[in-house]
Amino acid sequence: MDKRTKFTLDENEIPTQWYNILADLPEPLPPILHPGTGKPIGPDDLAPLFPMELIKQEVSTEQWIDIPEEVRDIYRLWRPTTLFRAHRLEKALDTPAKIFYKYEGTSPPGSHKPNTAVAQAYYNKMEGIKRITTETGAGQWGSALSFGGACFDLEIKVYMVRISYDQKPYRRVMMETWGAKCVPSPSPDTKTGRDMLAKDPDCPGSLGLAISEAVEDAVSRDDTHYSLGSVLNHVLLHQTVNGLEAKKLMEKIDAYPDIIVGCIGGGSNFAGLFLPFVKDKIDGTKPDLRIINVEPASCPTVTRGPYAYDFGDSAGLTPLIKMYTLGHGFIPPPVHAGGLRYHGMAPIICHLHDLGLVEARAEHQLGTFEAGVTFARAEGIISAPETNHCIKAAIDEALKCKESGEAKTILIAHSGHGHVDMAAYDAYFSGKLKDYEYPKEKIDEALADLPKVASE
Ligand SMILES: *Cc1c(COP(=O)(O)O)cnc(C)c1O
């Protein structure tokens, strides 16, 4: 039996270009609309928020986009990342399936997020921007952008969802170590935050609200831009560095996945892994490839939300994006531990789902932790609670193989480690974590509250 466990590329094999799926979509993405006019937005509408290079990438239909040498040099600190064969997990499950995972937890902040944070910091620096604002949920994005800011000497201000700020002090300390400033959202630093605090001083916050604060802060200052850690096309583009490495590694060992699983919050880590593979499904070379997006049952955006135009934030400051959505007023239940709590989803993933090229499933929290513990005891890695969602799906697929006797190849997008999430594991072990199903009435309420779009 072949016992090889780690598959690696040389540092000089870090991809030199990102892959842009917009070049290969069978139908173009629905346009992003201006909330006032209902017309597709142009570059000028986004210029107060983002550097022009990123705005160009957002709409580019070039198939390949060069990775700047300065960005590649920083990628060298942790890339290429390793592809693992999960021999010990396969044995523990007694499955004929071959399970692989591409592990992004070896980056400085411990997840895939710096793949885009470093690129975004670079393009802002090149345009003379001094300061970037952003939001963070569980804290990984805030810490990744703080690291990116440190790489290019930029000031970073992070609005962190209040409940996570209270539950995860160590993420804040990581941000401060990299030189950033982190405040709980809602905060007294913006009008949106002050209004919310006046209404509800104990508001646990939400990603949508923190986005509103970060956007308000950025548009109020000329030296400041805003940065988003997921959802947008350019973010998914930067993440493809990971999928390109994975594809090259699998080619080298003459393997190809039958099933790819990943967890989706805004969709960036998983899209980054699967987009170079979905290309093969679109062009007909791999018609049977299955791509499974896994989300929490407590925030079931793709599995239960409508596919409709909605705001990206809760205050309605952002353009209107066509996506599966739970409504921009979504406030996640505070019982939930993971970071997959955004009301919307990357338009690229939504579009591919709508076209039937990818599928989605929702998992309950307790089952995901059980899967994460199984994984940790077999493979050693203690995974982020987000990642546990797709580990659960991978284990279920591997167990189906055990029933059917099929030796399918399963590839897991392993987005990061859970070393700063031990409080969530503690809650799981002590029986304090509960499952929570997002109620149907709330989805109906959100539907009624969707912005009206003339062109629909
Ligand atoms: C942020 C994060 C996610 C979810 O974000 P995506 O944009 O959907 O990738 C998943 N896993 C980890 C470890 C994260 O930090």
Side-chain angles (χ1 to χ4, degrees), residues 81 101-117 120 134-148 158 160-161 164 168 170-171 174-175 207 210-211 227-243 260-275 291-296 299 301-302 312 323-324 332 336-350 352-353 358 360 362-363 368 372 375 381-393 412-421 424:
T81 62
Y101 55 98
K102 182 76 161 38
Y103 183 47
E104 287 289 286
T106 50
S107 79
S111 76
H112 64 287
K113 288 194 171 81
N115 296 331
T116 185
Q120 292 192 43
T134 197
E135 73 289 337
T136 195
Q140 289 107 326
W141 170 243
S143 48
L145 190 68
S146 302
F147 164 66
V158 181
M160 183 169 184
V161 176
S164 300
K168 301 191 166 188
Y170 295 134
R171 281 279 167 197
M174 286 171 80
M175 295 181 227
L207 263 186
I211 295 175
S227 163
L228 195 55
S230 187
V231 180
L232 296 180
N233 301 345
H234 68 263
V235 179
L236 274 56
L237 172 81
H238 301 155
Q239 293 296 347
T240 61
V241 66
N242 187 35
I260 314 181
V261 296
C263 65
I264 49 166
S268 71
N269 90 84
F270 190 35
L273 184 79
F274 81 63
L275 287 174
I291 296 169
I292 309 176
N293 292 270
V294 190
E295 61 184 10
C299 183
T301 314
V302 182
M323 57 187 178
Y324 291 93
H336 185 63
L340 308 172
R341 295 185 280 190
Y342 183 58
H343 69 271
M345 187 53 60
I348 287 176
I349 291 193
C350 297
L352 291 170
H353 188 271
V358 303
E363 294 289 354
T368 67
F375 187 87
I381 293 170
I382 298 175
S383 309
E386 293 87 345
T387 318
N388 286 342
H389 286 73
C390 61
I391 291 176
K392 166 77 166 78
I412 301 173
H414 197 302
S415 52
H417 68 64
H419 299 175
V420 197
D421 301 290

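For ligands, and for the atoms within them, numbers begin at 1 and follow the listed sequence. One is the number of the first residue; the rest follow in order along the sequence.
Looking at S415 against ligand 1, both its backbone and its side chain come within 4.0 Å, counting heavy atoms. Contacts with ligand 1 closer than 4.0 Å are made by side-chain heavy atoms of S111 only, the backbone lying farther away.
Atom numbering of ligand 1 starts at 1 in the shown order; those under 4.0 Å from a heavy atom of S230 are 6 (P), 7 (O). Of all atoms in ligand 1, listed by their number and element, those nearer than 4.0 Å to a heavy atom of I264 are 8 (O). Atom numbering of ligand 1 starts at 1 in the shown order; those under 4.0 Å from a heavy atom of E386 are 10 (C), 11 (N). Ligand 1 places these atoms under 4.0 Å from at least one heavy atom of C263: 10 (C), 11 (N). Remark: ligand 1 atoms within the under-4.0 Å shell around heavy atoms of A384 are 13 (C).
Ring geometry for F274 versus F270: interplanar angle over 60°, hence perpendicular rather than tilted (30 to 60°).
Counted by atom type alone, S227 and T134 present zero donor-acceptor pairs between their side chains at under 3.5 Å.
In this structure, H414 has its ring center under 6.0 Å from that of F375.
Contact detail for S268 and G229: the closest heavy-atom pair is OG-O, 3.8 Å. The two residues I264 and M345 have their closest heavy-atom pair at CD1-CE, 3.7 Å. A360 and V302 make their closest contact through CB-CG1, 3.7 Å (heavy atoms, listed as atom of the first residue, atom of the second, distance). Contact between A271 and L236 at its shortest, heavy atoms only, is CB-CD2, 3.5 Å.
Between G267 and ligand 1, a contact under 3.5 Å exists for at least one N or O pair. Considering backbone and side-chain N/O atoms, G266 comes within less than 3.5 Å of an N/O atom of ligand 1. The shortest N or O to N or O distance between G265 and ligand 1 is below 3.5 Å. Considering backbone and side-chain atoms alike, T387 places every N or O at 3.5 Å or more from each N or O of ligand 1.
Nearest residue to atom 2 (C) of ligand 1 from Q140, H112, K113, E104 is K113 (criterion: closest heavy atom).
Side chains of V158 and W141 form no contact here, defined as non-hydrogen atoms less than 4.5 Å apart.
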